[in-house]
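Let me begin by presenting the structure, written as structure tokens, before commenting on it.
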Amino acid sequence: MMEKGGEFRSEEAYLIVGIGNPGDAYRQTRHNMGFRVLESWLEALAGQWLEGAFHSRYARAALEGERFILLCPQTYMNLSGLAVKAAVDTLGISTEKILVIHDDIDLDLGRVKIVRNGGPGGHKGVQSIIASLGVKDFTRVKVGIGRPRHGERVEDFVLGPFYEDELGTVDQVVRLAIRACEWLLLTGVEAAMNWTNCQNLATKEEKS
């Protein structure tokens, strides 16, 4: 973490990475769900983004005594691993303390799923992180974006905005993803997985 003296210290902090593409042109796209979750979370925490390290925007935060660093790589999606590796090397954070949030085309919009030790599943941002770290046993929060309705190419679909009738669900699923991260910080991976992976905002109201 960046302290007032300008030095980072990790102690037992988590590194929570949201991946996406920088710039206004990508802000509302499906591929930027990782950014969107962290931006909404930091706003709720009344935190502030910092720049100048890790090829990223980053912020320090805490929740009920659990310290964490939010990281949004500014390298573009396919090079996300460069930023994550820079942060991990500087902070000395172990794999067990890394959480990566990203969009997933194989999950319906309204679903959030926590997984550990999985492959990239065709996601180039995750693939970049695995390649840069040399491991895949970090935790991931996969945020469903669904599949194309109108025959769009996958590349165009993920880099496009959500359909108009999906916008309300998008706002809800961002809140669900934030809550999943909070559960993970406070209760551990298994408990957070058990709660999160059974939620489905597309078919019913979120369970309390």
Side-chain angles (χ1 to χ4, degrees), residues 15-44 47-59 61 68-88 90 98-113 115 118-133 136 138-150 152-164 166-167 169-178 180-181:
L15 177 66
I16 303 179
V17 183
I19 51 179
N21 289 304
D24 290 341
Y26 297 101
R27 185 173 299 277
Q28 300 299 324
T29 65
R30 297 177 178 90
H31 225 15
N32 271 39
M33 284 297 281
F35 279 11
R36 192 163 181 167
V37 170
L38 292 198
E39 287 166 354
S40 294
W41 193 6
L42 188 61
E43 182 179 357
Q48 182 177 359
W49 290 110
L50 303 171
E51 298 184 17
F54 318 130
H55 317 290
S56 301
R57 291 191 302 158
Y58 65 95
F68 53 98
I69 300 165
L70 303 180
L71 191 80
C72 287
Q74 301 296 289
T75 54
Y76 289 93
M77 180 73 73
N78 294 359
L79 297 176
S80 299
L82 294 178
V84 176
K85 183 70 159 55
V88 167
T90 299
I98 299 172
L99 175 61
V100 177
I101 306 167
H102 64 89
D103 59 293
D104 192 302
I105 198 171
D106 292 322
L107 283 178
D108 292 337
L109 179 65
R111 294 287 312 283
V112 174
K113 185 175 182 180
V115 300
H123 196 291
K124 293 183 179 178
V126 176
Q127 184 177 355
S128 174
I129 294 171
I130 292 172
S132 294
L133 296 181
K136 62 178 182 178
F138 50 86
T139 303
R140 290 152 54 190
V141 175
K142 301 162 70 170
V143 183
I145 60 171
R147 287 196 163 270
R149 295 179 185 174
H150 309 299
E152 304 100 314
R153 295 189 314 156
V154 168
E155 294 84 355
D156 296 332
F157 177 74
V158 298
L159 291 175
F162 286 94
Y163 303 125
E164 188 69 25
E166 293 178 326
L167 297 180
T169 302
V170 171
D171 290 339
Q172 293 179 62
V173 83
V174 167
R175 291 194 292 270
L176 175 59
I178 293 169
C181 293

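The pair Arg111-Asp108 does not meet the salt-bridge criterion, since no charged nitrogen lies less than 4.0 angstrom from a carboxylate oxygen. Residues Arg147 and Asp106 are paired through a salt bridge, judged by an N-O separation under 4.0 Å between the basic side chain and the carboxylate.
Each of Arg30, Arg36, His123, Lys142 was evaluated against Asp103; a single residue qualifies, His123, per the side-chain hydrogen bond (donor to acceptor under 3.5 Å, both in side chains) test.
Considering all non-hydrogen atoms of both residues, Ser128 and Gly81 come closest at OG-N, 2.8 Å. Across every non-hydrogen atom of Leu71 and Val84, the tightest pair is CD2-CA, 4.3 Å. Here the closest heavy-atom approach between residue Val112 and residue Ala180 is recorded as CG1-CB, 4.4 Å.
A donor-acceptor distance shorter than 3.5 angstrom exists from the side chain of Asn21 to the backbone of Met77, with no hydrogens or angles considered. Panel note: side chain Glu51, backbone Trp49; no donor-acceptor pair is recorded below 3.5 Å.
In summary, the aromatic rings of Phe157 and His150 are positioned with their centroids too far apart to meet the 6.0 Å limit.
Distance check: His31 NE2 to Ile145 CD1 gives 7.5 Å after rounding to the nearest 0.5 Å. Remark: Leu50 CG to Tyr58 OH distance equals 4.5 Å, nearest 0.5 Å.
Within a 6.0 Å sphere centred on CD of Glu155, heavy atoms belonging to other residues, nucleotides or ligands number more than 12.
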